[in-house]
Amino acid sequence: MPNWPSERQLMGTKVPRVDGFKKVSGGAKYSYDINLPGLLYAMILRSPYAHCKIVSIDLGPAESMPGVKAVHLIKKPGDELHYAGDEIAAVAAMTEEVAEDALRAIKVKYQVLPHVSSEDQALKAGAPAARAGSADERGEKIEDAIKEAAAVHEGTYGCEVITHVCLETHGLVARWEGEELTAWASTQAVHGTGTALAQHFKIPKATCITNFMGGGFGSKFGPDIQGIVAAELAKKAGAPVKLLLNRAEEHNAAGNRPSAFAKVKAAVDKTGKLIAFDAETWGTGGHSRGAGFPLPYVYPVDNRRRKHTDCFINAGDNRAMRAPGHPQGSLVMDSLMDDLCHKFDPKLDPVEFRLRNLPSTVLRDIYTKELLLGAARIGWKENWHPRGDNAPGPWKRGLGVALGTWGGGPGDAQATCTLHGDGRVEVKCGTQDLGTGTTTVVPLVAAEILGLQIGDIAGSIGSSAFPPAGGSGGSTSCGGVSVAVAMACTKALAELFAKVAPKLECKPEDLQAEYGRVFVTGNLERGFTWKQACAVLGQQPITASADKKEGEKGMATSTVGGAQFADVSVDVETGRVRLNKIVAVADCGLVVNRLTCESQVLGGVIMGINYGLYEQRRLDPPTGLPVNPDMEFYLLAGAGDIPEIDVVLLDYPERGVIGIGEPPTIPTAAAISNAVANAIGVRVPVIPLTPRRVLEALEGKA
Amino acid sequence: MSEESKKPPAPSSASPEASGRFSRRWFLQGVALSAGTAVLPGEGLLGGSAFAAPQAPARIGPEPVQIALSVNGKDYQVKVEPRVTLLNALRNYLNLGTNTPIDLTGTKRVCDRGSCGSCTVILDGKTVYSCSVLAVECQGKKITTVEGVAEGNQPHPIQQAFVECDGLMCGFCTPGFIVSSKALLDRNPHPTPTEIRRALNGNICRCGTYNRVFQAVELASIRMKVKGG
Ligand code: FES
Ligand code: FES
């Protein structure tokens, strides 16, 4: 069975990004930055109402404006528009300014329809929006279990809709050369996007290029409407077209994380073990998508029942967002766990309570280690107190903990490795770098296998012209890509060894590549430098291809658990929450690049801080219009809001490579919510924990 | 000044209700023009000869006008409508310049309304959000973008430190952070951690790189000190 080298020179060390200098100097060209000769700028006209029908539409005035080169109808008269921001038509013009004027010139008559803009409205009988239900029941009669219980707790918890806020918006630059389409797209899937464009236009192939992309977080997996429209306009105009959404469009039409609310009743027996769980849950994922999330979460319960309702409202649809469903599940479940622990025994340590309720899976050991390690790092023993800080003064301090889990596993990936006669090494893989560091993973892994330095490898990713790899979602890229690259390099090296062995009068299997040399194992002197070794290839380079399937068993794995701890202070006079410190213990198997792996964890935690304290998409109930599709009223943490974040990587090299994009963002908000409850003595049931909500909870109104 | 010239040009057609859009540009243009005429009566915003004729109206545009911009120590001629922001002039128009077209897209457009800092540039020594300044206002001023932070081919210590500390992930916010950090170190070579946070409070990073950005600024500051900064 293939495996990673037991002695590793590079993997697990801290390696700065190979494309770092391009990013700090402005030299990195994102899709948003592609300027081609004759480039046109496109914009989309969108529904101004939460719910309406197009009565008539006249593109004529826009079409005849000087500087406008193409117009395109997306919807037609009679079509329904389901949310403020739904696409209607698009224009391409010589400048953005003209395109903006042209949108204003389009004449549309609308018939306004009744709208639904909140979960509550959707749940009301007779609401114009449909809803769906699902039910799940297992184990014995919940009621019986509850009768036997040592403690029962009932509570309502919730999370609001948030949006991805990718700093680079969705969109692409499209260029036709005859029947050939090239798209520079801000996407998490170069192959998926290329294929979808080719299918739409019924052409043999479309090339998608993404050398740099400014964040996706789960929302960028295909060309979307705006990508198709850009390519349509480019075709009509006979010129390249750039269409990247503006900030408001990004908020309204490019995805969101659904809301999640839960009314839960749960019980424990006299040992403090969960024995019953009964939940009614609901949430909205927009006008046509659901709002599912896992529950119960992490902690197993045999007797359980859950009824879920998806609320359809007149808002943009959800898209996968960093660990879809899990941050919601974690917030509900871990809040409940703390409340239940408090009800069972106000003096019982919530860490101990969790240890009693861990799953009996492979994760049991991992969670145990993480809980003990994290507790030590946050100062749990010294600073934890039963609920409610009795210290004098308005600032109350508290500690909280929460757990998360994720599947992951190695995603689809193929790679090629080419060794040239002059010693050059090229490695290609059709994956992409969302900011996660994949661009650096490729040469890092190749250099490890070939015994070279990172600078010796020319790694190429970010194009559908390279060997196919899956979209970067589900924390699967690092595993899949590193295994595919390792296997391709291993194969190429074997071919090189076969050619070099006769020159060293040894068998190929006696050879080894390390320290920039190819030599007979045990005798560094009996060998060649890498360059000398490659010289045997002359004009005939070696190219080897591999699929991650050839090595995934043993080299990569799935199923991870993570624990996070929060230390907060809350001002009970103003309701403000201040973070003192967060500890994130991340289960990360064999670390590929320690530097970027830690960055991923930091980033996940910060996204969790935003979720717990600041973010909320707001719709105006009377009109259904978005209130904060921007970055001043849609709040995100800034430099002054960030606490010390202690990242602890729980190394488990024998488990192989594990993706780390999603797990670290799962339990942060729940840990913060628990810390706040610990500080002020009451639960603030719904995140974000705004000052208003904190004050309401203190007044017993929540 | 006639009533006509005070009014921002009317949007070319449909009302905001019809299209559902409200353009900040019209608003900006109105503000900037009235502010400009108040400060420089009779001179106009543009010092250029074409506009310095006797009784030159303070009103410029709405048609494109030729302006000169000094970016990273080089002068460029661009033709832009007065409503074009400095950010858009840099990103969309410099590459169309007649003298020496140049592709300066390092400065990023993210919120386009002065709340994220991704478009930060240094204008006459002060950081500004280039999405909230009109290009025509920047004539005769020195503009430094992220492309002008390096000293020749030598990365600036702040750039070196960002790479080493991994003060970047997707990198889309990074140009703004680099420019803000450089401006901070220019005026305060040895900032305290609080001063660093305060100076960078106008920049938003969605990937969550803040902690390492702070480290990078500290590292750069120490290195500059060692070098006698
Ligand atoms: S783009 Fe200028 S501040 Fe956000
Ligand atoms: S690095 Fe991606 S937004 Fe800051």
Side-chain angles (χ1 to χ4, degrees), chain A residues 16-17 20-21 23-30 32-33 35 41 45-49 61 65 84 95-97 100-101 103-108 165-168 212-215 246-247 434-437 595-596 598-599 602-607 630-632 636-640 642 644-645, chain B residues 11-14 17-21 23 25 81 83-84 88 91-92 95 103-113 115-116 118 145-147 149-150 155 159 162-164 166 168-175 178 196-198 200-214:
Chain A
R17 287 165 205 263
F21 280 103
K23 290 185 176 179
V24 296
S25 63
K29 292 284 173 203
Y30 296 75
Y32 215 146
D33 301 330
N35 281 334
Y41 296 86
L45 179 68
R46 293 171 180 274
S47 172
Y49 299 108
M65 278 177 67
T95 67
E96 287 190 318
E97 291 74 27
E100 208 172 332
D101 291 346
L103 287 191
R104 265 188 227 108
I106 298 173
K107 290 205 168 68
V108 191
V165 201
C166 311
L167 288 205
E168 182 183 35
F212 292 92
M213 71 95 78
N246 66 30
R247 184 51 46 192
L434 285 49
T436 49
L595 188 65
T596 52
E598 285 173 357
S599 286
L602 283 168
V605 168
I606 290 174
M607 198 168 261
D630 51 45
M631 292 177 75
E632 67 260 39
L636 292 172
I642 302 297
E644 177 196 348
I645 302 172
Chain B
S12 45
S13 172
E17 304 88 82
S19 65
R21 299 173 65 94
S23 168
R25 304 262 192 275
E81 290 181 42
R83 60 171 151 165
V84 171
N88 288 352
R91 290 182 54 83
N92 297 349
N95 61 321
D103 204 19
L104 287 185
T105 54
T107 310
K108 298 294 184 248
R109 185 166 76 186
V110 169
C111 70
D112 206 16
R113 48 194 280 166
S115 44
C116 77
S118 299
T145 69
V146 65
E147 289 92 344
V149 170
Q159 292 173 311
F162 262 66
V163 174
E164 283 176 34
D166 209 35
L168 63 144
M169 295 183 73
C170 79
F172 214 70
C173 68
T174 309
I178 292 282
I196 293 173
R197 280 165 196 252
R198 201 169 295 150
L200 299 178
N201 230 347
N203 294 69
I204 298 283
C205 171
R206 181 47 150 170
C207 295
T209 55
Y210 297 107
N211 305 67
R212 290 189 150 169
V213 166
F214 305 152

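All values below were derived from every heavy atom in this structure, side-chain atoms included, with hydrogens, water molecules and symmetry-related copies excluded. We name chains A, B, ... by the order of the sequence lines, and we start the count at 1 in each one.
Separating the CD1 atom in B/I204 from the CG atom in A/L636 is a distance of 5.5 Å, to the nearest 0.5 Å. Between B/T209 atom OG1 and B/M169 atom CE the span is 8.0 Å, to the nearest 0.5 Å.
Annotation for B/V146 and B/T107: closest pair CG1-N, 4.2 Å, computed over non-hydrogen atoms. The two residues A/G435 and A/K23 have their closest heavy-atom pair at CA-NZ, 4.3 Å.
Between B/R91 and A/E96 there is no salt bridge, since none of the side-chain N atoms of the basic residue sits less than 4.0 Å from a carboxylate O of the acidic one.
Your options are A/T596, A/L434, A/V165, and the one with the most heavy-atom pairs under 4.5 Å with chain B is A/V165. Your options are A/G638, A/G215, A/G27, A/G437, and the one with the most heavy-atom pairs under 4.5 Å with chain B is A/G638. Between chain B and the options A/L595, A/T436, A/V605, A/D630, the largest number of non-hydrogen pairs under 4.5 Å is found for A/L595. Comparing A/I606, A/D33, A/T95, A/I642 by how many heavy-atom pairs each has under 4.5 Å with chain B, the most go to A/D33. When each of A/G640, A/S25, A/G214, A/G20 is scored by its heavy-atom pairs under 4.5 Å with chain B, the top score falls to A/S25. The candidate with the highest count of non-hydrogen atom pairs below 4.5 Å against chain A, out of B/T145, B/N203, B/N201, is B/N201. Ranking B/G171, B/G202, B/S118 against chain A, the residue ahead of the rest is B/G171, based on heavy-atom pairs under 4.5 Å. Chain A forms the most heavy-atom pairs under 4.5 Å with one residue out of B/C111, B/G106, B/C170, and that residue is B/C170.
In terms of the salt bridge (charged side-chain N to carboxylate O under 4.0 Å, His left out) criterion, residue partners of B/D166 (sequence neighbours excluded) are, by chain and number, A/R17.
Between the side chain of B/R212 and the main chain of B/F162, no donor-acceptor pair closer than 3.5 Å is present.
Contacts of A/M631 with chain B are made by both backbone and side-chain atoms, with heavy-atom separations under 4.5 Å. Within the 4.5 angstrom heavy-atom criterion, only side-chain atoms of B/E81, from C-beta onward, approach chain A. Of the two parts of B/V149, neither the backbone nor the side chain holds a non-hydrogen atom closer than 4.5 Å to a non-hydrogen atom of chain A. Interface residue B/N92: backbone and side-chain heavy atoms are both found under 4.5 Å from chain A.
In this structure, B/F172 and A/Y32 have parallel ring planes: the angle between them is below the 30° cut-off, well short of the 60° mark.
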